[in-house]
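Encoded as C-alpha cells, the structure appears first; notes follow it.
Counting starts at 1 for both ligands and their atoms, in listed order. We number each residue from 1, following the sequence as shown. Values below: every heavy atom of this structure, side chains too, minus hydrogens, waters and symmetry copies.
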Amino acid sequence: MTSHDGLPDWFALLQQALHANPQPSARYLQLASLDAAGAPTCRTLVCRQLLAPGTLVMTTDLRSDKLRGLQQNPLAEACWYLPARQQQFRLRGTLRVQGSGHGSSLREALWDSVSAATRQTFTRPAPGRRLAAAEAFERPAPTSIPACFGLLLLQPQRVDYLDLAATPHQRQLFEFKTGEWHSRALNP
Ligand SMILES: Cc1cc2nc3c(=O)[nH]c(=O)nc-3n(C[C@H](O)[C@H](O)[C@H](O)COP(=O)(O)O)c2cc1C
C-alpha cells in the first residue's frame, strides 16, 4: 500500500498530520524500548526529521541509559499523538544508532539545526549518573560536534494508526511483510 508518490500510506498520513500540527510541541513523541535488564522503559524525544520513504530521526546523548538497552534489543515503539486532527501513530521497528564513527552528513546537519541550548547539553556530565558538582555543568560552548551526540533512526515495520476525529473512530494497521506494505482496517 503506497500512495501515488511511492510513499507508504502511513508515512503520507504522518506527513499530513505534521503539516496540520506546526507547533513545535507536536514533534514530541514517546519512545518505548527495553532496558538492559529487559524491563520496559519509555521517554519523550523530539522527532527532528522524517526521511522518505519511512524513517524517523531523533537526536540523543549516546551516554544515556537507553543506549545500553538498545544494544541488546534494538526493537522500539514510538507513540505519537498529533492533536489537531486527533491522530495517534504507534510506530514499531528497529532503531539504528549513528554516532561519530559513521561519518554521517545527516548527523552534521542535525547538529547544525539544534539550538545552542541543546548543543550545550552535550558538554555536560553523562545523563542518568549521580549528580555531578555544579562546575561540571558550566563548560564552554562546543566548537565541534561532541562524540556523545548521536542519532536514533527508527524505521517502522508496523504502524498502528488511530483516528479519533472520525465517527466511529477509525483504526488502520500497516505492516511491512515480504518486501511490501500491507494494510487492514481494525476495530478501533
Ligand atoms: C519535551 C521533552 C523533549 C525531550 N527531547 C529529547 C530528545 O530529543 N532527545 C533525548 O535524548 N532526550 C530528550 N528528552 C529527555 C528524555 O525524555 C529522557 O529523559 C532522556 O533521553 C534520558 O532517557 P533514558 O534514561 O531513557 O536514556 C526530552 C524530554 C522532554 C520532556
Which protein heavy atom lies closest to [atom], and at what distance to 0.1 Å?
atom: atom 11 (O) of ligand 1; result: Thr60 OG1, 2.6 Å
atom: atom 9 (N) of ligand 1; result: Thr59 O, 2.9 Å
atom: atom 8 (O) of ligand 1; result: Val46 N, 3.1 Å
atom: atom 17 (O) of ligand 1; result: Thr44 O, 2.7 Å
atom: atom 25 (O) of ligand 1; result: Asp65 CB, 3.7 Å
atom: atom 21 (O) of ligand 1; result: Lys66 NZ, 2.7 Å

With sequence neighbours excluded, residues passing salt bridge (charged side-chain N to carboxylate O under 4.0 Å, His left out) with Arg63 | Asp61
Where the closest heavy atom to atom 10 (C) of ligand 1 is concerned, which of Asp35, Thr121, Leu45, Thr118 has it?
-> Leu45
Residue selection (non-hydrogen contact nearest atom 18 (C) of ligand 1) among Met58, Arg68, Arg43, Gln30 | Arg43
Go through ligand 1 atom by atom and flag the ones less than 4.0 Å from a non-hydrogen atom of Ser64.
-> 27 (O)
Member of Gln170, Arg90, Gln172, Gln88 meeting the side chain to side chain contact (heavy atoms under 4.5 Å, CB included) criterion with Leu162 = Gln88
Could you point out which residue of Leu95, Thr55, Leu56 forms a side chain to side chain contact (heavy atoms under 4.5 Å, CB included) with Gln155?
-> Thr55
Across all chains, not counting sequence neighbours, the side-chain contact (heavy atoms from CB on, under 4.5 Å) partners of Thr123 are Gln120, Arg139, Pro142
Might you point out which heavy atoms bring Phe137 and Ala132 nearest each other, and give the distance in Å?
-> CE1-O, 3.7 Å
Could you check whether the rings of Phe122 and Trp111 sit parallel, tilted or perpendicular, using 30° and 60° as the cut-offs?
-> perpendicular
List the steps, then state whether side-chain hydrogen bond (donor to acceptor under 3.5 Å, both in side chains) holds for Arg43 with Ser33.
-> CA-CA 9 Å; Arg43 76 290 287 164; Ser33 58; 3.0 Å; yes
